[in-house]
Amino acid sequence: MNRAWEPVIGIECHVELKTATKMFCGCRNEFGGEPNTKTCPVCLGMPGALPVPNAKAIEQIVRTGLAFGAEIPAFSKFDRKNYFYPDMPKDYQISQYDMPLTVGGIVKYWLEDGTMKQCRLTRIHLEEDTGKSTHAGSGDGRIAGSSYSLLDFNRAGVPLMECVSEPELHSARDAVAYLESLRRTLLALEVSDVKMEEGSLRCDANVSVRVAGTTELGTKSEIKNMNSFRSVERAIASEIARQIEVLDSGGRVVQETRGWDELHGVTHPMRSKEEAHDYRYFPDPDLVPLAIARNDVERWKEKLPTLPCERFERYTGEYGLSVNAAAQLIDNIPLARYFDEVVARSENPQQSSNFVLGELSRLANETGVAVGDSNVTVEHLAELVALVQSKRINSKIAKELLARMWEGGGSPNAIVEREGLAQTSDPSAVERFVDEVLAANAAVVADYKAGKTNVLGFLVGQVMKASRGKADPALANELVKKKLSS
Ligand SMILES: [Zn+2]
């Protein structure tokens, strides 16, 4: 009999920080460029060269920890992680072992249906990125001349944040939602550009399964080489299915590192536990321990931006926006800020989001000018929302006004006053238009009375036209109907 299995997933993310210079030297921290042009004796590991920590990178890690509610210990230190691999010229990497910059914290995330969930963080620590090796040629690399490797140290020494989650995610979908939330938060904090395609966000997933209802962790495998959120989801789902199949057929899961094969949609063994590295960590003697000043921490905490999950809870809860509308705003931070300012003035989130995500976003796409940089100020958009809400103008006029505001027309209140565009909700005024239209369309009126009731829309349309679009459409409809049946 097959048992019910519960997947258990933990995620390790490596994120390149967006700083002007590298972690321990003055070389530019920029993606790409001619190989080995952004290097110096420090990041090339020359004997005697001394590292100097990048204060901005430390600040970015601490701010990230604070955004997730992590504890910031008073002291932290750098350790050497030793391994022989050609992409690290020093043959060790400066990392953090037992005294990371941040401890604990919680990443909140949401699913497509709007459910909020959370996953605890173990730690966030700071290290330096490795160089990049490119293997070329046709041979296996063991015979001289049959193949070769190219090394580019431009990336060596770039500040790298490692963000480790607790094993608390239970599906491939949750793992991706967690990653989405992490990515959005890092973007809001402006600590990284988090581009998976450029390698500034890379992640590994630890996957195991256990009998549902039990608490002990099963044997895990670590999946690597996933280069998009979609491959993360597929790789985890495929690995969960593989482990369940192994266990259901009476086998045992082996602890190992597995690579994701995008083309065939399966994971394959890369190296087993027997080959697992012993990194022989020890404190880096070139770097003194870090004391993190409490007043700095307090200052950074006060200045944290509005975080994506805070916005999500406010937008879908208090404001009643759809999950989709909320996500659209959150994923465009300048637009979300603009929207927040409009709502602060209009106090009408629904109508404000209709304009911001509808007509304004359309105009922005069409012209290539961001909404926040356009002629439509938050004050003027709030005026427009108020005009619609008070029914002084109808939606058709609102759309026309918005187009004119985009062109630099200024205050919609002023335009409405100047051009007498206020909606005519006065029954006697609308009635005059109705009488005119019915008199001018005697044949259509006869058709209606003969049973062709579908001409009603045409007649109402004529009334709207006669009023130059200003009549209250609901009132026009009601009066035409009333006149026709009398
Ligand atoms: Zn350097």
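In what follows, every heavy atom counts, from backbone to side chain, and hydrogens, waters and symmetry copies are set aside. Just so it is clear, the model here is predicted, and its values are computed rather than measured. Indexing begins at 1, ligand by ligand and atom by atom, following the structure's order.
Using modelled atom types, one finds no donor on one side chain facing an acceptor on the other under 3.5 Å when comparing N36 with T39.
Centroid-to-centroid, the aromatic rings of F78 and F24 come within less than 6.0 Å.
Checking side-chain atoms of T185 against main-chain N and O of S181 turns up a donor-acceptor pair under 3.5 Å. Side chain of N348 to backbone of V343: no donor-acceptor contact under 3.5 angstrom is found. The backbone N or O of G358 lies less than 3.5 Å from no partner atom in the side chain of S361, so there is not a single donor-acceptor pair.
Tally of protein N, O or S atoms closer to the Zn ion (ligand 1) than 2.8 Å: 4.
Remark: F282 pairs with no residue by the ring-ring contact (aromatic ring centres under 6.0 Å, His included) rule, at least two apart or across chains.
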